[in-house]
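Take a look at the structure set out below.
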There are 2 protein chains.
Amino acid sequence: MSIPAAIPVPKQRMPSGERRAAIVNAAIKLFSQNGFRGTTTKQLAQAVGVSEPVLYMHFATKSELYSAIIETLAERGEQLRSMAARADAEKLDDLAFFRQLAHLLTAWHREDPSRIRLLLYSALDGHELSEMFYQRQVVPFLEVFAAHIRKRVEEGAFRPVDPLIAGRAFCGMLGQYVQSIHVFGIAQSEQEQQAALDEMVHIFMNGVKK
Amino acid sequence: MSIPAAIPVPKQRMPSGERRAAIVNAAIKLFSQNGFRGTTTKQLAQAVGVSEPVLYMHFATKSELYSAIIETLAERGEQLRSMAARADAEKLDDLAFFRQLAHLLTAWHREDPSRIRLLLYSALDGHELSEMFYQRQVVPFLEVFAAHIRKRVEEGAFRPVDPLIAGRAFCGMLGQYVQSIHVFGIAQSEQEQQAALDEMVHIFMNGVKK
DNA sequence: CTAACATTAGTAAGCACTCACTAACATGTC
DNA sequence: GACATGTTAGTGAGTGCTTACTAATGTTAG
């Protein structure tokens, strides 16, 4: 009985780029769980499945790796912006648009909770790239939102609210709720979450419309 | 030439309680700035103005000190609850009440930003007392708020919103705004802050009222 | 064969924490 | 008031362990 050829034996030797990506992914996971200082290079090497010096072939120092993962995550944050922009282009009515954005934001963080945790960790650490992370992860989403509000205010459908403040208000409600789940560990069932989001969307809608 | 008697040499020797309090205060400051792991016992001792063993006369381990400061801050959190409850007892109209709470929350964090930072740090660290901290710092405020909403819903002044979700929505808007200032370092002038709070209060008010 | 990928076995520095000891105060006795 | 006595608050100089990082060397794909 021959062993089928395709057993995916974990590759021991990898092309440089792949290995680098593997390190970044492991680092995102560990740093988001334990923080930068709470993660040792030894742990990290074990998680990647290599020895410590391999890490230093790809990144000169541990904090260079920290910077690399923040940049990686910031880039991925562009996805959120484009998804939000796409929702805006769909010409949904206000309610559907707000619900769509709420869903986007929660799904985004549920799919990978390490993002919000690392965003907070890096901000608390005062990391030099933390502002860039915030600018590319949070602000774009907020801007798509604010742009929609501005338009609807001009069209006379909404009260003359400040679009940016209104955007902060909406994203704040959602963001804090997401945070209480993924950072503070408040347990919420799928239904509870859906109900909460709907209610928040409604409160906001009624709050801004004429 | 005699040296005048009354040179106020910083007290070198302190009663146990005072010294303990001094250590806790220094720890709150340093931990909130650099995190638990980012603060060394050496730094801490220097900040207090004593040698390291003194720390260990009051706290058996560094993490026991961590627990002590969380407890201390959680206790101080009761103040916020009582201030909120007092505002409720004043029988203000809805708008004034919401504004009062918004002011309370922002003033509370502006007065001492270490609270929100430590709350986040402890949650990210998964500290055993973090949930207690959240329960006593966040939840009480939320409950005073939810109670008010519930009452006004019953009186028919507000739409039949879920009081707890509405509370989370309002505190979320405010909380995230405060966080963006004290954690993410978004600069906001006194006027901008006041304008933002007013707008948020209005959006919420309109969002829940009939 | 060799260049790139990996490992074994370190090093120096920093960490939380401790030991042996001393200075300052409080109190009771004369 | 002066002095001995027990207690509390403090220190200088470490300990052993962990950490980020590295030099010397092995191994395998192309």
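A, B, ... follow the sequence lines: proteins, then strands. Residue 1 opens every chain. Everything quoted here is computed from the prediction, not taken from an experiment.
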Taken to the nearest whole Å, CG/B:Asn34 to C1'/C:dC15 is 15 Å

Go through the side-chain N and O atoms of A:Arg76 and A:Gln137 and say whether any donor and acceptor fall under 3.5 Å apart. no

Taking any strand in view, what nucleotide pairs with D:dG30 in a Watson-Crick or G-U wobble way, both distances under 3.5 Å? C:dC1

Which residue, A:Gln193, A:His182, A:Gln188, forms the side-chain hydrogen bond (donor to acceptor under 3.5 Å, both in side chains) with A:Tyr177? A:Gln188

Spacing of A:Leu44 atom CG relative to D:dT18 atom P, expressed in whole Å: 19 Å

Just the rounded figure in Å: distance from C1' of C:dA9 to NZ of A:Lys42. 13 Å

For the pair made of NE2 in A:His58 and P in D:dC21, what is the distance, rounded to whole Å? 16 Å

For D:dT19 and A:Arg37 - does any side-chain N or O of the residue sit under 4.0 Å from the phosphate oxygens OP1/OP2? no

Output the rounded distance in Å from CE (A:Met57) to C1' (C:dC5). 5 Å

How long is the line joining OH of A:Tyr56 and C1' of C:dT8, in whole Å? 16 Å

Please give, in whole Å, the distance from D:dT8 P to B:Arg20 CZ? 17 Å

d(CD, A:Gln46; P, D:dA20) in whole Å: 13 Å

Note: for A:Pro53 and B:Ser63 on DNA chain C, the residue whose nearest nucleotide lies more 5' is A:Pro53

Side chain of A:Val50: nearest nucleotide among D:dG10, C:dA16, C:dT7? C:dT7

Is there a donor-acceptor contact under 3.5 Å from the side chain of A:Lys29 to the main chain of A:Ala47? no

Of all the choices, D:dT8, C:dA6, C:dA16, which nucleotide is nearest to the side chain of B:Arg13 once you look at every atom? D:dT8

Of the listed nucleotides (D:dG10, C:dC17, C:dT7), which one gets closest to any side-chain atom of B:Thr41? C:dC17

Just to be sure I understand the rule, does A:Ser51 reach a base, reach only the sugar-phosphate, or reach nothing, if contact means heavy atoms closer than 4.0 Å? base

State whether A:Glu78 and A:Arg136 are salt-bridged, where the test is any N-O pair (Lys NZ or Arg NE/NH1/NH2 against Asp/Glu carboxylate O) under 4.0 Å. yes

Which one, C:dC5, D:dC21, D:dG10, comes nearest to the side chain of B:Met14? D:dG10

Might you confirm whether atom CD of A:Glu52 has over 12 heavy atoms from other residues, nucleotides or ligands at distances under 6.0 Å? yes

Quick one: is D:dT8 close enough that its OP1 or OP2 comes under 4.0 Å of any side-chain N or O from B:Ser16? no

